[in-house]
Trainee: 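The structure that follows is given in the form of structure tokens.
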Amino acid sequence: MHFDAFDRYHEKDSRLHRLDPRVKAVITIACILSNALLPDGAWIAFLFAFIFLLALNVVSRLGIAYTLKRSLIALPFALIAFSVLFSTPGNPLSMFHFLMWDFTITDAGLLRFVSILIRSWLSVQMAILLVAVTRFPDLVHALAHLRVPPILTTIIAFLYRYLFVLTDEVFRLLRARESRSAASAAQRSGGGVLWRAKVAGDMAGQLFLRSYERSDRIYNAMLSRGYAGHMYTLNPHEMKPGDYFAAAFAVAFIFIIQILGRF
Amino acid sequence: MLYSPAPLHIPENFLSLAVSAACWVVTILTLSLAISKTNKSLGERQIPLMGIMAAFIFAAQMINFPVAGGTSGHLLGGVLAAVILGPWAGMLVMTAVIALQALLFQDGGLSVMGANILNMGLVTAAIGYGLYRLVSNRSRKVKLAAIGFAAWLSVLAGALFTSLQIWLSGNADLKIIVPVMLFIHALIGVGDALITVAAISFIMRTRPDLLGEESESAKGGQGWVWVGVAVTLLVVLLSPFASADPDGLERVATDLGFIGQAQLSPFQIIPDYTVPFLGQTALSTVIAGVIGAIVVGLVAYLIGRGVKAKSQAAGSK
């Protein structure tokens, strides 16, 4: 498999790409929290948050609709909130009958449902943008600066580094199973569901052993290159005046959105 | 598709700030404990091991087996991680997996990550390791049965807690979400249980030393049995109650003050997100938000400092 199959970073030369990763992480989280704080039906505030997002898209040179396109994959999850359409007390808008139940959609329920979706959708796009303009190792480094415990950031860094390697291993296992599971029109391949589950479990066990042994080799290789419990980076993050300016600008904008959301 | 997301991840902003803050507090407290315990017991050798194990869980979630009609069984891995690596390390590994899924793939939100870690990493480890430890002196068959039940129940527990959190946030109807989520995950849980049992049985046969008395897996204390049994009982008792009598649960929640009358986001630290003496103004809400953020940040910072001091003290011994 290609090494960047999981990577979400898009190399471009933009102001947003060059911004300090700490600033980007903090702005993203602040925007998500700000969206969460907006009351239901704060349409003007939602609109401004959306405009802010589009502006960031443009600044990042990824194209104005970049995050929009990416965010559509996340939409099916919206079904979880579907039930608020009926459960929120309010004026009935429409009624329908399904199996043995009557459902009534209320105006308050509709308002709440749409607001939940918009808040979630705006926030998902901020998160998509963050990983599109920040290299993942830089992001992990930023998290370490933001006081996430080093043991966690190190595990995440390793996870990211070996994701590709172990996924390749899984594909080899799946291919091996596939190539030994010949079937014809007359005869089904393999045994019953339990047998198939057992094969899958053996594959997981096999993957565990291969990963375990690989971790030994990796540790020895790291020791031989001078690992002493710390990771070093070649680009130390330093806040420049532009970074402070961008952070201040974003905070001011979020403040305005919050005030707009209350009127 | 390369990667199939487990359907338990709560999407971005699907919880009210109060509920997600409460989950963050529980998660941060538990993880701080996990970090201090792990820092004490593990050498630097174990850090790459835990990183690779996190990648292993992530990759193992792609292993599936066809069931019927185009559906397939999957591994979710919470119980597997807790049994192989021990409870504390298992929690940290699952946390890293969930964090990466949220950060890189937007699978599960950043603001609700505390809840996602709680549901899929901490509860699963407690149930899985607790029940495994309960039968640690029994035969291999009993152990495998306990692991299978724990894996199934942990998926159900995740579904139950997820539904309750979304409902407490006022973002779903209890009468619909609990039965639907429990039904779907009772089936998904069977897939996870089968693969987990087969995988552990494979490891017991090929590398018994990794699960033996000297292994990391055997180092969890007896306290885990109590925690595991308590969480198990909670889930076993709460699930039927929540799906059979949602009105009863709603009434209990109202009586306990979790649900306000006109308010849809219950369990508020700061009522209506306003500061009392400033009244119902926009400024008041903004200030309330800032105060809330500072309080949560301060708690997290103090915990972080406590852990750091502890681990330094442990290091200097």
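Chain letters run A, B, ... following the sequence lines, proteins first and then strands; every chain starts at 1. The figures here come from the full heavy-atom set of this structure, side chains too, leaving out hydrogens, waters and symmetry mates.
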Trainee: Looking at B:N64, B:V180, B:L75, which one has more heavy-atom pairs under 4.5 Å with chain A than the rest?
Mentor: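 When all of B:N64, B:V180, B:L75 are compared, B:N64 has the most.
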Trainee: Of all the heavy-atom pairs spanning A:G201 and B:A198, show the shortest one and how long it is.
Mentor: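 A:G201 and B:A198 have their closest heavy atoms at CA-CB, 3.5 Å.
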Trainee: Are A:D202 and B:R205 close enough that some pair of their side-chain heavy atoms sits under 4.5 Å apart?
Mentor: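 With C-beta onward as the side chain, the pair touches.
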Trainee: What's the spacing between A:Y219 OH and B:I52 CD1 if we round to 0.5 Å?
Mentor: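 CD1 of B:I52 is found 13.0 Å from OH of A:Y219.
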Trainee: Counting heavy-atom pairs under 4.5 Å with chain A, which one of B:I10, B:I84, B:V93 comes out on top?
Mentor: B:I84
Trainee: Chain A heavy atoms under 4.5 Å from B:I200: which part of the residue, side chain, backbone, both or neither?
Mentor: neither
Trainee: Are A:F158 and B:M50 close enough, and set up right, to give a side chain to side chain contact (heavy atoms under 4.5 Å, CB included), and what steps lead you there?
Mentor: CA-CA 8 Å; A:F158 269 104; B:M50 283 166 66; over 6 Å; no
Trainee: State the CG-CG distance between A:L37 and B:N13, to the nearest 0.5 angstrom.
Mentor: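 Answer for the CG-CG pair, A:L37 versus B:N13, is 9.5 Å.
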Trainee: Does any backbone or side-chain atom of B:L15 lie under 4.5 Å from a heavy atom of chain A? Answer side chain, backbone, both or neither.
Mentor: neither
Trainee: Looking only at non-hydrogen atoms, find the nearest pair between B:A96 and A:I155 and report the distance.
Mentor: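 Taking every non-hydrogen atom into account, CB-CG2, 3.5 Å.
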Trainee: Taking every heavy-atom pair that is under 4.5 Å apart, which of A:L174, A:L166, A:L194 has the most such pairs with chain B?
Mentor: A:L166
Trainee: Do A:R177 and B:F65 make a side-chain contact, defined as non-hydrogen atoms from C-beta onward lying under 4.5 Å apart?
Mentor: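 A:R177 reaches B:F65 side chain to side chain.
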Trainee: With a 4.5 Å cut-off on side-chain heavy atoms, are B:L100 and A:F136 touching?
Mentor: yes
Trainee: Taking all non-hydrogen atoms of both residues, which atom of B:Q106 and which atom of A:A127 are closest, and how far apart?
Mentor: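 Minimum heavy-atom separation between B:Q106 and A:A127: NE2-O, 3.4 Å.
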Trainee: Identify which part of B:T206 has an atom lying under 4.5 Å from any heavy atom of chain A, answering side chain, backbone, both or neither.
Mentor: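 Side chain of B:T206 only, per the 4.5 Å heavy-atom cut-off to chain A.
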Trainee: How far does CZ of A:R196 sit from CG of B:L194, to the nearest 0.5 angstrom?
Mentor: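 So the CZ of A:R196 and the CG of B:L194 are separated by 11.5 Å.
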Trainee: Name the region of A:V170, side chain, backbone, both or neither, that has any atom closer than 4.5 Å to a heavy atom of chain B.
Mentor: side chain
Trainee: Mind checking the CD1-CD1 spacing from B:I35 to A:I151? Nearest 0.5 Å is all I need.
Mentor: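 Between atom CD1 of B:I35 and atom CD1 of A:I151 there are 6.5 Å.
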Trainee: Answer with side chain, backbone, both or neither: which region of A:L143 has an atom nearer than 4.5 Å to a non-hydrogen atom of chain B?
Mentor: side chain
Trainee: So do the side chains of A:T167 and B:M62 get within less than 4.5 Å of each other, counting heavy atoms only?
Mentor: yes
Trainee: Quick one: list whatever passes ring-ring contact (aromatic ring centres under 6.0 Å, His included) with A:H10, sequence neighbours left out.
Mentor: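 Counting only residues at least two positions away or on another chain, A:H10 forms a ring-ring contact (aromatic ring centres under 6.0 Å, His included) with A:Y66.
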Trainee: So do B:L110 and A:M126 actually touch side chain to side chain, heavy atoms under 4.5 Å?
Mentor: no
Trainee: Below 4.5 Å from any heavy atom of chain A, which atoms of B:A60 appear? Answer side chain, backbone, both or neither.
Mentor: both
Trainee: For B:L92, which atoms come within 4.5 Å of any heavy atom of chain A: side chain, backbone, both, or neither?
Mentor: both
Trainee: Look at atom CZ of A:R225 and say whether more than 12 heavy atoms of other residues, nucleotides or ligands are closer to it than 6.0 Å.
Mentor: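 Not more than 12 within 6.0 Å, no.
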Trainee: Looking at every non-hydrogen atom in both residues, tell me the closest pair between B:I63 and A:A200 and how far apart they are.
Mentor: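 Closest pair (atom of B:I63, atom of A:A200, distance): CG2-O, 3.7 Å.
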Trainee: Between B:L103 and chain A, which part of the residue has a heavy atom less than 4.5 Å away: side chain, backbone, both or neither?
Mentor: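 Both backbone and side chain of B:L103 come within 4.5 Å of chain A.
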Trainee: So for atom CG, which belongs to B:L187, do other residues, nucleotides or ligands contribute more than 12 heavy atoms lying within a distance under 6.0 Å?
Mentor: yes
Trainee: Side chain, backbone, both or neither: which part of B:L49 has a heavy atom under 4.5 Å from chain A?
Mentor: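 Both parts, backbone and side chain.
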Trainee: Could you tell me the separation between the CG atom of A:L139 and the CG atom of B:L104, rounded to the nearest 0.5 Å?
Mentor: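 The CG atom of A:L139 sits 9.0 Å away from the CG atom of B:L104.
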Trainee: Enumerate by number any residue of residues 205-215 of chain A whose heavy atoms lie under 4.5 Å from heavy atoms of chain B; in the absence of such residues, state 'none'.
Mentor: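 Checking residues 205-215 of chain A against chain B gives A:G205, A:Q206, A:L207, A:F208, A:L209, A:S211, A:Y212, A:E213, A:S215.
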Trainee: For each of B:S111, B:G77, B:P66, B:G73, tally heavy-atom pairs with chain A at distances under 4.5 Å, and name the one with the top tally.
Mentor: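 The candidate making the most pairs under 4.5 Å is B:P66.
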Trainee: Can you find a heavy atom in the side chain of A:K198 that is under 4.5 Å from one in the side chain of B:V197?
Mentor: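 A side-chain contact is absent here, since even the closest heavy-atom pair is not under 4.5 Å.
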Trainee: Atom CG in A:L122, atom CD in B:E12: separation rounded to 0.5 Å?
Mentor: 11.0 Å
Trainee: Check each atom of B:I176 against the heavy atoms of chain A and say whether the ones under 4.5 Å are side chain, backbone, both or neither.
Mentor: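 Only the side chain of B:I176 comes within 4.5 Å of chain A.
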